[in-house]
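Report on the structure given below.
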Amino acid sequence: MASQTEKKPQSVYDFTLKDAKGNDVDFSTYKGKVLLIVNVASKCGLTNSNYTELHQLYDKYKDQGLEILAFPCNQFGAQEPGSNDEIVEFACTRFKAEFPIFDKIEVNGENESPLYKFLKSGKWGILGGDIQWNFAKFLVDKNGQAAHRYYPTTSPLTVERDIKVLLGIA
């Protein structure tokens with residue numbers, strides 16, 4: 001049970017989460033960047049296209065203020081069964097992923113990551129509530145607020161226009 005003195009997060013910058021190597025990552029280090037936060041899986045039908053396009057976006061916009069944060073999740077069809085080391089090796093070797101990959105988390109349910117609870121708390125209409133599948137995407141503005149939420153089947157490249165707007169280069 002949360003204590004009354006516990007501060008409710010105001011932005012994604014209020015979170016500290018572990019990366020795939022077990023190191024704490026203080027999200028305040030991302031202040032002023034546009035973030036694309038994605039729950040990833042290695043054995044999903046959406047894996048190849050999403051990782052390929054995420055890499056393309058990262059390569060194109062990382063120097064302009066985009067950061068992609070990948071959160072492995074095994075909640076959907078057990079499609080992310082590997083260890084953190086296996087996941088990183090897969091993403092970096094097969095897809096040349098250079099963006100940060102975090103510790104495996106849960107995005108729904110009793111053990112849901114507080115970050116995902118925060119991201120899902122926005123007013124999302126038909127997209128509200130639980131994450132539907134692997135590769136759901138949240139685009140976070142430079143103030144640490146979720147600006148857009150996309151279905152798992154949304155191609156990362158179709159998000160490029162929104163990324164450019166938030167980066168101020170549209």
Side-chain angles (χ1 to χ4, degrees), residues 1-41 50-51 53-75 80 83-85 87-88 91-92 95-124 127-131 134-150 154 156 159-170:
M1 193 165 187
S3 72
Q4 295 209 353
T5 59
E6 210 173 289
K7 186 179 169 206
K8 184 179 177 191
Q10 300 300 307
S11 76
V12 297
Y13 306 136
D14 293 334
F15 292 93
T16 298
L17 294 162
K18 296 217 178 281
D19 67 14
K21 299 288 185 197
N23 301 310
D24 284 339
V25 178
D26 181 342
F27 275 44
S28 68
T29 61
Y30 296 120
K31 278 187 178 174
K33 292 192 175 218
V34 172
L35 306 177
L36 185 59
I37 298 175
V38 186
N39 61 302
V40 299
N50 271 272
Y51 265 117
E53 293 182 18
L54 289 169
H55 171 69
Q56 291 170 352
L57 285 174
Y58 190 67
D59 205 40
K60 189 170 183 179
Y61 296 107
K62 66 182 176 191
D63 293 334
Q64 295 173 62
L66 175 69
E67 197 64 69
I68 295 174
L69 308 180
F71 287 89
C73 178
N74 196 38
Q75 284 187 286
E80 189 63 281
S83 68
N84 283 346
D85 288 342
I87 294 164
V88 168
C92 294
F95 296 102
K96 309 292 184 243
E98 297 172 3
F99 45 80
I101 299 174
F102 286 81
D103 190 20
K104 196 184 292 188
I105 64 166
E106 290 187 14
V107 297
N108 294 326
E110 190 176 310
N111 297 316
E112 167 183 65
S113 165
L115 173 64
Y116 269 79
K117 182 178 229 133
F118 174 78
L119 290 171
K120 295 187 311 184
S121 68
K123 295 183 184 347
W124 301 108
L127 288 175
D130 283 347
I131 301 297
N134 304 308
F135 297 100
K137 300 155 194 75
F138 288 92
L139 189 60
V140 176
D141 66 22
K142 293 179 180 182
N143 296 314
Q145 302 301 314
H148 300 282
R149 179 176 175 175
Y150 307 95
T154 302
V159 175
E160 184 173 10
R161 180 181 55 83
D162 294 335
I163 290 169
K164 288 171 71 175
V165 167
L166 292 182
L167 288 172
I169 57 175

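Counting begins at 1 with the first residue of the sequence. Excluded from the calculations below are hydrogen atoms, water molecules and symmetry mates; all remaining heavy atoms, backbone and side chain alike, are included.
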Nearest-0.5 Å distance that lies between atom OG in Ser11 and atom CG in Asn143: 8.5 Å

Residues that Asp24 engages under side-chain hydrogen bond (donor to acceptor under 3.5 Å, both in side chains), provided they are two or more places apart: Lys18

Side chain to side chain contact (heavy atoms under 4.5 Å, CB included) partners of Val25, counting only residues at least two apart: Asp19, Phe27, Tyr30, Phe102

Any Ile101 side-chain heavy atom under 4.5 Å of Pro72 side chain: yes

Spacing of Leu36 atom CG and Leu166 atom CG [to the nearest 0.5 Å]: 10.5 Å

Gap separating the OG atom of Ser113 from the CZ atom of Phe118, nearest 0.5 angstrom: 12.0 Å

Close side-chain approach of Gln64 and Ile169, heavy atoms under 4.5 Å: yes

Gap between atom CG of Asp14 and atom CG of Leu115 - 0.5 Å precision: 11.0 Å

Val107/Leu119 under side-chain contact (heavy atoms from CB on, under 4.5 Å): CA gap, chis, key distance, verdict: CA-CA 10 Å; Val107 297; Leu119 290 171; over 6 Å; no

Which residues share a salt bridge (Lys or Arg N to Asp or Glu O under 4.0 Å) with Lys104, sequence neighbours left out: none

All side-chain hydrogen bond (donor to acceptor under 3.5 Å, both in side chains) counterparts of Tyr61, not counting sequence neighbours: Glu160

Spacing of CG belonging to Asp141 relative to CG belonging to Asp162, to within rounding of 0.5 Å: 12.0 Å

Taking every non-hydrogen atom, the tightest pair across Ala41 and Cys73: CB-O, 4.3 Å

Electrostatic pair Lys21:Asp85 at N-O distance under 4.0 angstrom: yes

Leu139 side chain near Val34 side chain, heavy-atom distance below 4.5 Å: yes

Sequence-distant partners of Glu112, side-chain hydrogen bond (donor to acceptor under 3.5 Å, both in side chains), two or more places apart: Lys120

Evaluation steps, side-chain contact (heavy atoms from CB on, under 4.5 Å), between Ile105 and Tyr116: CA-CA 9 Å; Ile105 64 166; Tyr116 269 79; 3.5 Å; yes

Salt bridge (Lys or Arg N to Asp or Glu O under 4.0 Å) partners for Asp63, two or more places apart: none

For Pro114, all residues meeting side chain to side chain contact (heavy atoms under 4.5 Å, CB included), sequence neighbours excluded: Phe15

By ring-ring contact (aromatic ring centres under 6.0 Å, His included) - contacts of Phe95 (at least two apart): Tyr51, Phe90

Set of salt bridge (Lys or Arg N to Asp or Glu O under 4.0 Å) partners for Lys117, sequence neighbours left out: none

Closest approach of Gly65 to Leu167 (non-hydrogen atoms, all atoms of both residues): C-CD2, 3.6 Å

Gap between atom NZ of Lys164 and atom CG of Leu66 - 0.5 Å precision: 12.5 Å

Qualifying residue, where the test is side-chain contact (heavy atoms from CB on, under 4.5 Å) with Arg149 and the options are Ile37, Ile131, Thr154: Ile131

Polar side-chain atom of Asp59 near backbone of Gln56 as donor-acceptor pair, under 3.5 Å: no

Side chain Gln145, main chain Gln10, donor-acceptor under 3.5 Å: yes

With sequence neighbours excluded, residues passing salt bridge (Lys or Arg N to Asp or Glu O under 4.0 Å) with Glu98: Lys62

side-chain contact (heavy atoms from CB on, under 4.5 Å) between Gln75 and Asn108, intermediate numbers included: CA-CA 8 Å; Gln75 284 187 286; Asn108 294 326; 4.1 Å; yes

Distance-minimising heavy-atom pair for Tyr58 and Glu67: OH-OE2, 3.0 Å

Residues that Asn39 engages under side-chain hydrogen bond (donor to acceptor under 3.5 Å, both in side chains), provided they are two or more places apart: none

4.5 Å side-chain heavy-atom contact, Leu17 and Phe71: yes

